[in-house]
Amino acid sequence: MVFSTLFSELYHSIKKTPNSGEVAQYIPELALVDPNKFGVSLVKLNAENFHFGDAQEKFSIQSIAKVLSLTLAYKICGEKLWERVGVEPSGTAFNSLVQLEYEKGIPRNPFINAGALVVADVLVSELKNPNDDFLAFVNQLCHTQVSYSKQVAASEKSCAYVNTALINLMKSFGNIKNDIDQVMDLYFNLCSIEMTCQELSQTFLFLANDGVCPLSEQEIIDHSKSKRINSIMQLCGFYDEAGEFSFKVGLPGKSGVGGGIVVVRPHEFSMAVWSPKLNAKGNSFLGTKFLEKFTTKIDYSIF
Ligand code: GLU
């Protein structure tokens, strides 16, 4: 299958739908991104890859990085991790405080902000140089040098009112062990990582290959943990639209407020799409439509 031709066809058909989304405004630096960007990249396990549009342009991966921080924390801590964060869909917004109070500081899953803050806390406890060591882990998956964006991290820090409330609430329940500023710095940094669609699809390929990076043949995480991370992506990867995404696209994945979406088809490929305008639930408007058409057209969901 020559995916590049199909990508072009699908892009031109979805472009006819008016894009009613909005670029994320609550992090000032993200609001500056050109809303008309669109890129897609697919990498197969045999290293064949296909690209379309702005697939070589860097963008802020934001919450997509939460899958990578979860992978490293789960690799280090094993099943003990689940004593501090759950694996259930939240059904509330990604930064909601409501559930956290009555569930006594244990976040529903590692992909809502509260859960990702707990995972960042775990990494601060376990890594010698958390910021450098986490980036080295990501670079190992990506096979290129990616970096944190100082501007994006500082921009998010300048208005992190809700994340600050979340972490303080969890600290009051004893579910944050380290200094709040240190944990927040790692969290802002990991959200600020910039990648192209091509780098992002390459980075996630180990999750399509039972935890083994096909290029280096290195085991990143064991088979069972890889399966579990995929199932959390399927159930919790798309904010409180995870059901709808699964219904329409049918692949495990994760989105970010930078407009990126990465999906995995186990034993076949990983694929990244980027279009900055977000729908009301915070997922890329055109990215979601594109993936829906893609899996429908070639009957390529996991179901
Ligand atoms: N850094 C963003 C935040 O904490 C990530 C949000 C996202 O991409 O879902 O709000």
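When a ligand or atom number is given, it counts from 1 through the structure's own listing order. Treat the numbers as computed from the prediction; the structure is a model and nothing was measured. Residue numbers run from 1 in the order of the sequence given.
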Mind checking whether Tyr187 has an N or O less than 3.5 Å away from an N or O of ligand 1? yes
Is it the side chain, the backbone, both or neither of Asn163 that has a heavy atom closer than 4.0 Å to ligand 1? side chain
Tell me yes or no: between the side chains of Lys66 and Asn113, is some donor less than 3.5 Å from an acceptor? yes
Is any N or O atom of Lys66, backbone or side chain, closer than 3.5 Å to an N or O atom of ligand 1? no
Only one of Ser41, Ser4, Ser201 clears side chain to side chain contact (heavy atoms under 4.5 Å, CB included) with His51; which? Ser41
Are the aromatic ring centres of Trp274 and Phe290 under 6.0 angstrom apart? no
Within the 4.0 Å heavy-atom shell around Tyr239, which atoms of ligand 1 are there? 7 (C), 8 (O), 9 (O)
Ligand 1 contacted by Asn95 (non-hydrogen, < 4.0 Å): no
Less than 4.5 Å apart, any side-chain heavy atom of Glu79 and any of Lys225? yes
Any chance the rings of Phe52 and Phe3 have centres within less than 6.0 Å? no
Shortest protein contact, atom 3 (C) of ligand 1 (heavy atom only): Glu156 OE2, 3.0 Å
Counting from 1 in the order shown, the ligand 1 atoms closer than 4.0 Å to a non-hydrogen atom of Gly256 are 8 (O)
How about Phe269 and Tyr300: are their ring centres within less than 6.0 Å of each other? yes
Check whether the ring centres of Phe50 and Phe7 lie less than 6.0 Å apart, and answer yes or no. no
Any idea which protein heavy atom is nearest atom 10 (O) of ligand 1, and the distance to it? Tyr26 OH, 2.5 Å
Against heavy atoms of Cys191, which atoms of ligand 1 measure under 4.0 Å? 1 (N)
Kindly indicate whether the side chain of Asp185, heavy atoms from C-beta on, has any atom under 4.5 Å from the side chain of Lys157. yes
Minimum-distance protein heavy atom relative to atom 2 (C) of ligand 1: Gln62 OE1, 3.1 Å
Please classify the Asn113 to ligand 1 contact at 4.0 Å (heavy-atom distances, strictly less than): side chain, backbone, both or neither. side chain
Quick one: nearest non-hydrogen protein atom to atom 7 (C) of ligand 1, plus distance? Ser63 OG, 2.6 Å
For ligand 1, which is the ligand I care about here, please tell me if Phe94 has any N or O atom under 3.5 Å from one of the ligand's N or O atoms. no
Take every heavy atom of Phe188, measure it against each atom of ligand 1, and state whether any distance is under 4.0 Å. no
Looking at Lys80 and Glu83, is any side-chain nitrogen of the basic one under 4.0 Å from a carboxylate oxygen of the acidic one? yes
